[in-house]
Chemist: 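Could you have a look at this structure, given as structure tokens, before my questions?
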Amino acid sequence: MSALLSLIGWSFLPSLATSSILSFWYRLITRAGDPRPQPGTPTYLKAYKLTNFLVITLYLLYTIYESYNAILLGPNFYKILGAGMRASDRELKGKFRRLTVMYHPDKVGTQGETYFVMLKTAYDTLIDPVMRGAYDRFGPDILEWRNCSSAYDYLIRGVTMMVPYYLGSVLVLVILSVLGKMEFGRYWRFYAFFCMAVLEAFIVTRPFHYFTRIPILNTLLPFEQLALARKVLFTTFIALSQLAPLFQHSRPISGPLTAEALDPQLDRMATLLHRNDAEASTILTQELLPFDADPGMQRMLKKKLEDWMIESAIRSAPDVRDAVGKVIQRRGTDAPAGAKRAG
């Protein structure tokens, strides 16, 4: 259930948070009246990629921390007895005796029966060296395993429980690769998955004290360490699929462009032209403000602008440029760009 909720959260939370942060940021830094970068523009896309990368990275770190904290605060047989993970049999007996005196059903009533049964189960499991070793590596599931009497029996049963998980996961990765899904970092996914399998094999076949020296992991039992590693691996795979579009370059478009593909681009171009026109009109209005109070100056300025526009239209006409070019060629000088050479 928690994996499903995590997958649902990853499906929409990063993109929603990225859009909200960008919207708030542009409202904060954009002056009143100035246009904001719109979705689809290069400026917005660049900011979106950077913000989305930071959001996904922070959400990944938060998810890992939340998983670690949930496992750390969760119950296990040692916590039920109030004993440390390296407690001796003598310490376990002392803890169990004190707790049974405090929570025996004859003393607290029938409401304490469930907790007393839990205490008894925890003590019976940890006081048996074989069951304690199996519990440390495989968790409370060993209570459901029948016909296991030795450490070898529990190890074989634990491995047989792990094999379907890894075979199914590898099959899913292969199918996704064949279908072209999750292409970004797919080889690293297989490599990380292989490392996870090696780590799990190492943990379940080595003594517990190997992992009590690591600062973060020394507070977790081996089966809790494996649960955390699986959650980290699963979450990292999802984060890679979210980060893939940020690092993949857009491929060149092959074949003719369709009207559906051109319409959004034309709309963006029309929007940019409209904004440029509005900005040019604003600048021209500001430049003409000093002449508002002088009608004579306005008339002279209008006449100058009309003459300049007529001159520019004449000079840009092909026939005029051709005639000017011929005259300049007769004088032995370089013709202007765009003029035809005299035949």
Side-chain angles (χ1 to χ4, degrees), residues 1-7 64 67-68 70-72 74-81 85-87 89 92 117-118 120-179 182 186-212 214 216-238:
M1 186 64 181
S2 59
L4 179 60
L5 292 177
S6 178
L7 184 61
I64 294 174
S67 300
Y68 171 77
I71 294 174
L72 184 63
N76 61 45
F77 287 173
Y78 292 94
K79 293 178 182 177
I80 291 173
L81 293 175
M85 292 184 294
R86 305 301 300 167
D89 291 349
L92 291 174
V117 172
M118 191 182 302
K120 188 69 168 59
T121 303
Y123 175 74
D124 291 342
T125 301
L126 299 183
I127 203 65
D128 184 337
V130 174
M131 293 190 67
R132 182 174 180 175
Y135 173 78
D136 289 344
R137 287 157 180 77
F138 302 108
D141 292 341
I142 66 163
L143 301 177
E144 306 295 331
W145 298 353
R146 306 302 178 190
N147 303 321
C148 293
S149 57
S150 65
Y152 179 78
D153 293 336
Y154 280 108
L155 178 60
I156 295 300
R157 183 62 180 273
V159 171
T160 57
M161 299 294 290
M162 291 160 43
V163 168
Y165 165 77
Y166 281 101
L167 289 180
S169 300
V170 170
L171 181 62
V172 170
L173 288 178
V174 171
I175 292 175
L176 291 175
S177 299
V178 171
L179 295 178
M182 300 173 66
R186 61 177 176 178
Y187 297 110
W188 285 104
R189 286 187 177 91
F190 282 103
Y191 178 73
F193 200 76
F194 173 76
C195 291
M196 178 64 203
V198 172
L199 174 65
E200 185 155 359
F202 183 81
I203 288 179
V204 300
T205 56
R206 292 296 182 275
F208 179 35
H209 66 81
Y210 273 80
F211 308 97
T212 57
I214 304 175
I216 297 179
L217 299 181
N218 59 5
T219 57
L220 302 177
L221 292 167
F223 80 88
E224 294 174 330
Q225 296 169 5
L226 290 174
L228 177 63
R230 287 178 179 177
K231 289 187 177 181
V232 170
L233 186 68
F234 176 74
T235 306
T236 304
F237 281 1
I238 299 177

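The analysis underlying the following values was restricted to heavy atoms, covering all of them including side chains, and did not include hydrogens, waters or symmetry mates. We count residues from 1, following the sequence as given.
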Chemist: Looking only at heavy atoms, what is the nearest atom pair of M131 and L143, with distance?
Modeler: CE-CD2, 4.1 Å
Chemist: Could you pull out all residues at least two apart from T160 that satisfy side chain to side chain donor-acceptor pair (under 3.5 Å)?
Modeler: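 Checked T160 against side chain to side chain donor-acceptor pair (under 3.5 Å); zero matches.
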Chemist: Rounded to the nearest 0.5 Å, what separation is found between the OG1 atom of T235 and the CD1 atom of I64?
Modeler: 6.5 Å
Chemist: If I take atom NZ from residue K79 and atom CG from residue L72, how far apart are they, to the nearest 0.5 angstrom?
Modeler: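 Separation between the atoms: 5.0 Å.
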Chemist: Can you confirm whether the side chains of Y78 and R132 place a donor and an acceptor under 3.5 Å from each other?
Modeler: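 Yes, because at least one side-chain N or O of Y78 sits under 3.5 Å from a partner of the opposite role on R132.
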Chemist: Heavy atoms only: give me the nearest P129-I127 pair and the separation to one decimal.
Modeler: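 So the two residues come closest at CD-O, 3.4 Å.
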Chemist: Checking R157 now: which residues fulfil side chain to side chain donor-acceptor pair (under 3.5 Å) with it, not counting sequence neighbours?
Modeler: none
Chemist: Considering non-hydrogen atoms only, spot the tightest contact between W145 and G158 and give its length.
Modeler: CH2-CA, 3.6 Å
Chemist: Just one of F190, F193, F194 clears the ring pair (Phe, Tyr, Trp, His ring centres under 6.0 Å) bar with Y166, so which one?
Modeler: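 When ring pair (Phe, Tyr, Trp, His ring centres under 6.0 Å) is applied between Y166 and each of F190, F193, F194, only F193 qualifies.
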Chemist: Kindly determine whether D141 and M161 satisfy side chain to side chain contact (heavy atoms under 4.5 Å, CB included), including the steps that lead there.
Modeler: CA-CA 10 Å; D141 292 341; M161 299 294 290; over 6 Å; no
Chemist: Could you state the interatomic distance from CD (Q225) to CG (L220), rounded to the nearest 0.5 Å?
Modeler: 6.0 Å
Chemist: What residues form a ring pair (Phe, Tyr, Trp, His ring centres under 6.0 Å) with Y154, not counting sequence neighbours?
Modeler: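 Not a single residue meets the ring pair (Phe, Tyr, Trp, His ring centres under 6.0 Å) criterion with Y154.
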Chemist: If you round to the nearest 0.5 Å, how far is CG of L92 from CG of L126?
Modeler: 5.5 Å
Chemist: Determine all donor-acceptor pairs shorter than 3.5 Å in which one atom belongs to a side chain in residues 168-175; sequence neighbours excluded.
Modeler:
from: S169; atom 1: OG; to: Y165; atom 2: O; distance (Å): 2.8

Chemist: Check step by step if side chain to side chain contact (heavy atoms under 4.5 Å, CB included) holds for C195 and V198.
Modeler: CA-CA 5 Å; C195 291; V198 172; 5.6 Å; no
Chemist: Tell me, please, which residues at least two apart from E224 pass side chain to side chain donor-acceptor pair (under 3.5 Å).
Modeler: N76
Chemist: Looking at V130 and A151, what are the two nearest heavy atoms and their distance?
Modeler: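 In terms of heavy atoms, the two residues are closest at CG1-N, 3.6 Å.
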Chemist: Between CE of M162 and CG of L226, what distance do you get to the nearest 0.5 Å?
Modeler: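 If we round to the nearest 0.5 Å, M162:CE and L226:CG are 7.5 Å apart.
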Chemist: Which pairs pass salt bridge (charged side-chain N to carboxylate O under 4.0 Å, His left out) with one or both residues in residues 121-130, sequence neighbours excluded?
Modeler: K120-D124
Chemist: Looking only at heavy atoms, which two atoms of I142 and Y135 are closest? And how far apart?
Modeler: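 Here I142 and Y135 meet closest at CD1-N, 3.5 Å.
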Chemist: Heavy atoms only: give me the nearest L233-A192 pair and the separation to one decimal.
Modeler: CD1-CB, 3.8 Å
Chemist: Rounded at 0.5 Å granularity, tell me how far OG1 in T205 sits from CZ in R137.
Modeler: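 Here the rounded value is 8.5 Å.
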Chemist: Please walk me through it: do I80 and T121 pass side chain to side chain contact (heavy atoms under 4.5 Å, CB included)?
Modeler: CA-CA 10 Å; I80 291 173; T121 303; over 6 Å; no
Chemist: Test side chain to side chain contact (heavy atoms under 4.5 Å, CB included) on F138 and L155; report intermediate values, then the result.
Modeler: CA-CA 9 Å; F138 302 108; L155 178 60; 4.2 Å; yes
